[in-house]
Amino acid sequence: MKSAIIALSALIASALPNAVAEDAPEPRNNPVQIMVLGTYHFGNPGLDLVNTEADDVLLPKRQAELETLADRLLEFQPTAIAIESIRRTDDALDPGFPDFTPDDLTRQRNESVQIGYRVAHAAGLDRVYAVDTQEGEISYFPFDRVEAFAERTNRQNEITSKIETIKAQAEAMMRDQATTPIAEMLARQNEPGLIDEMHSGFYYGLLNMTDAEDNAGAALNYGWYARNAEIFANIAEISQPGDRILVIYGSGHNYWLRHFAEETPGFALVEPNPYLVD
């Protein structure tokens with residue numbers, strides 16, 4: 001009896017790899033290329049923890065720089081554009097783009113229009129997707145919870161220090177605007193080392209805001225991870241084999257969107273900086 005059980009177990013074990021292989025999806029031979037272009041917010045919406053005052057991108061000088069930027073991004077040969085706009089439809093197509101005309105570039109400051117629509121129009125694309133989400137099953141950015149924890153534990157100085165560091169970086173960027181073209185400013189924001197440093201210094205630097213009463217720092221981290229995971233899930237859903245997708249998003253999303261592009265099977269990250277600067 002014992003030998004029969006061993007033989008049956010061996011038979012099942014030998015069959016499992018084939019069963020798994022038959023059920024597993026075929027890997028993509030032609031992975032979807034994802035270029036994540038992190039940006040500052042051109043229209044100064046004031047929605048971030050620390051906000052910058054961007055130069056007016058409607059000025060002739062900035063419009064010329066944006067045309068140059070678009071020409072550079074066209075060298076990537078994008079097949080679709082994904083922008084930081086709320087997804088409202090099953091197909092995720094952005095409802096604003098079908099009505100776009102180049103005249104909109106003289107009126108609308110938003111980077112989704114100035115970069116996303118501009119590049120899509122120049123490339124002759126009709127696939128501009130709204131892939132953002134801001135409400136989910138959990139709070140995506142419970143910074144108020146971290147602040148409450150810091151106040152309760154008398155650690156406000158640690159949060160103040162981190163915000164002051166971000167403010168100093170924002171102020172340096174604002175000073176640089178006077179002499180720096182848009183493409184070069186974006187190249188600085190998309191430098192991999194800086195992306196890692198800023199994410200680690202802020203999000204991971206707040207992980208220790210925790211005690212038996214509240215894991216506030218962890219909640220901030222998993223909330224921000226969750227939002228970006230849902231954003232990338234939207235991108236993955238609309239992608240097609242062989243796509244080259246240009247993703248235009250606030251630079252605070254850089255770390256996780258790049259992570260998903262690098263680690264998700266069937267996708268590959270394309271660095272933007274070789275296209276931004278010589």
Side-chain angles (χ1 to χ4, degrees), residues 33-78 80-85 105 108-123 128 131-132 166-199 202 228 231-232 235 244-262 269-278:
Q33 306 288 307
I34 302 287
M35 178 188 290
V36 180
L37 179 65
T39 73
Y40 56 96
H41 292 303
F42 291 178
N44 303 310
L47 301 177
D48 294 331
L49 184 63
V50 174
N51 297 285
T52 59
E53 285 293 328
D55 223 11
D56 189 353
V57 295
L58 301 185
L59 294 173
K61 172 187 174 183
R62 295 306 190 189
Q63 284 295 299
E65 292 174 0
L66 286 164
E67 279 296 307
T68 299
L69 172 64
D71 288 342
R72 287 178 171 272
L73 293 173
L74 286 168
E75 294 178 9
F76 172 57
Q77 299 180 337
I81 310 291
I83 61 174
E84 190 173 354
S85 182
L105 298 174
Q108 298 188 43
R109 292 175 172 82
N110 188 288
E111 62 275 6
S112 293
V113 174
Q114 288 293 334
I115 302 178
Y117 286 10
R118 186 192 298 262
V119 172
H121 180 77
V128 176
V131 297
D132 197 27
I166 298 172
K167 283 183 178 179
Q169 293 168 336
E171 289 168 358
M173 190 204 105
M174 286 187 283
R175 289 194 301 270
D176 289 345
Q177 285 184 109
T179 57
T180 309
I182 291 173
E184 188 174 330
M185 287 193 290
L186 293 179
R188 295 176 185 176
Q189 287 190 301
N190 286 276
E191 183 63 38
L194 180 62
I195 293 169
D196 291 347
E197 177 184 335
M198 292 183 68
H199 183 89
F202 182 72
N228 285 282
I231 291 167
F232 195 84
I235 295 170
R244 301 172 65 82
I245 303 177
L246 172 62
V247 179
I248 300 162
Y249 248 82
S251 59
H253 297 267
N254 256 352
Y255 182 89
W256 283 123
L257 293 182
R258 287 168 57 89
H259 165 83
F260 290 122
E262 284 187 301
L269 177 68
V270 177
E271 292 290 348
N273 281 5
Y275 293 88
L276 298 179
V277 291
D278 296 325

Would a 4.5 Å heavy-atom cut-off, applied to side chains only, mark [X] and [Y] as touching?
{"X": "Q169", "Y": "Q189", "answer": "no"}
{"X": "R72", "Y": "D278", "answer": "yes"}
{"X": "P78", "Y": "M35", "answer": "no"}
{"X": "P192", "Y": "R258", "answer": "yes"}
{"X": "Y40", "Y": "L186", "answer": "yes"}

Strictly below 4.0 Å, N to O, side chains only: are K167 and E171 in salt-bridge contact?
no
Basic-acidic side-chain contact under 4.0 Å: D55, K61
no
Within this structure, what is the [atom1]-[atom2] distance for the pair [X] and [Y], rounded to the nearest 0.5 Å?
{"X": "L69", "Y": "L276", "atom1": "CG", "atom2": "CG", "value": "6.5 Å"}
{"X": "I81", "Y": "L246", "atom1": "CD1", "atom2": "CG", "value": "4.5 Å"}
{"X": "Q177", "Y": "M185", "atom1": "CD", "atom2": "CE", "value": "5.0 Å"}
{"X": "E84", "Y": "E111", "atom1": "CD", "atom2": "CD", "value": "6.5 Å"}
{"X": "N254", "Y": "T39", "atom1": "CG", "atom2": "OG1", "value": "9.0 Å"}
{"X": "L73", "Y": "L66", "atom1": "CG", "atom2": "CG", "value": "10.0 Å"}

Which heavy atom of [X] sits nearest a heavy atom of [Y], and at what distance?
{"X": "G250", "Y": "H41", "result": "CA-CE1, 4.0 Å"}
{"X": "L58", "Y": "Q108", "result": "CD2-O, 4.0 Å"}
{"X": "L74", "Y": "A122", "result": "CD1-CB, 3.8 Å"}
{"X": "V277", "Y": "A183", "result": "CG1-O, 4.3 Å"}
{"X": "S112", "Y": "I83", "result": "OG-CB, 3.6 Å"}

Which class fits the ring pair H259 and W256: parallel under 30°, tilted 30 to 60°, perpendicular over 60°?
perpendicular
Evaluate the ring planes of F76 and Y275, with Trp represented by its six-membered ring, and classify them as parallel (under 30°), tilted (30 to 60°) or perpendicular (over 60°).
perpendicular
Looking at [Y], is its backbone amide N or carbonyl O close enough to the side chain of [X] to form a donor-acceptor pair, meaning the two atoms are under 3.5 Å apart?
{"X": "Q114", "Y": "L105", "answer": "yes"}
{"X": "Q33", "Y": "I245", "answer": "no"}
{"X": "N190", "Y": "G38", "answer": "yes"}

Name the one of I115, N110, V113 that satisfies side-chain contact (heavy atoms from CB on, under 4.5 Å) with F42?
I115
Please list all pairs passing the salt bridge (charged side-chain N to carboxylate O under 4.0 Å, His left out) test where one or both residues lie in residues 189-199, with sequence neighbours left out.
none
Evaluation steps, salt bridge (charged side-chain N to carboxylate O under 4.0 Å, His left out), between R62 and E65:
CA-CA 5 Å; R62 295 306 190 189; E65 292 174 0; 2.7 Å; yes
Could you check V131 against Y249 for side-chain contact (heavy atoms from CB on, under 4.5 Å), going step by step and ending with a plain yes or no?
CA-CA 10 Å; V131 297; Y249 248 82; 3.7 Å; yes
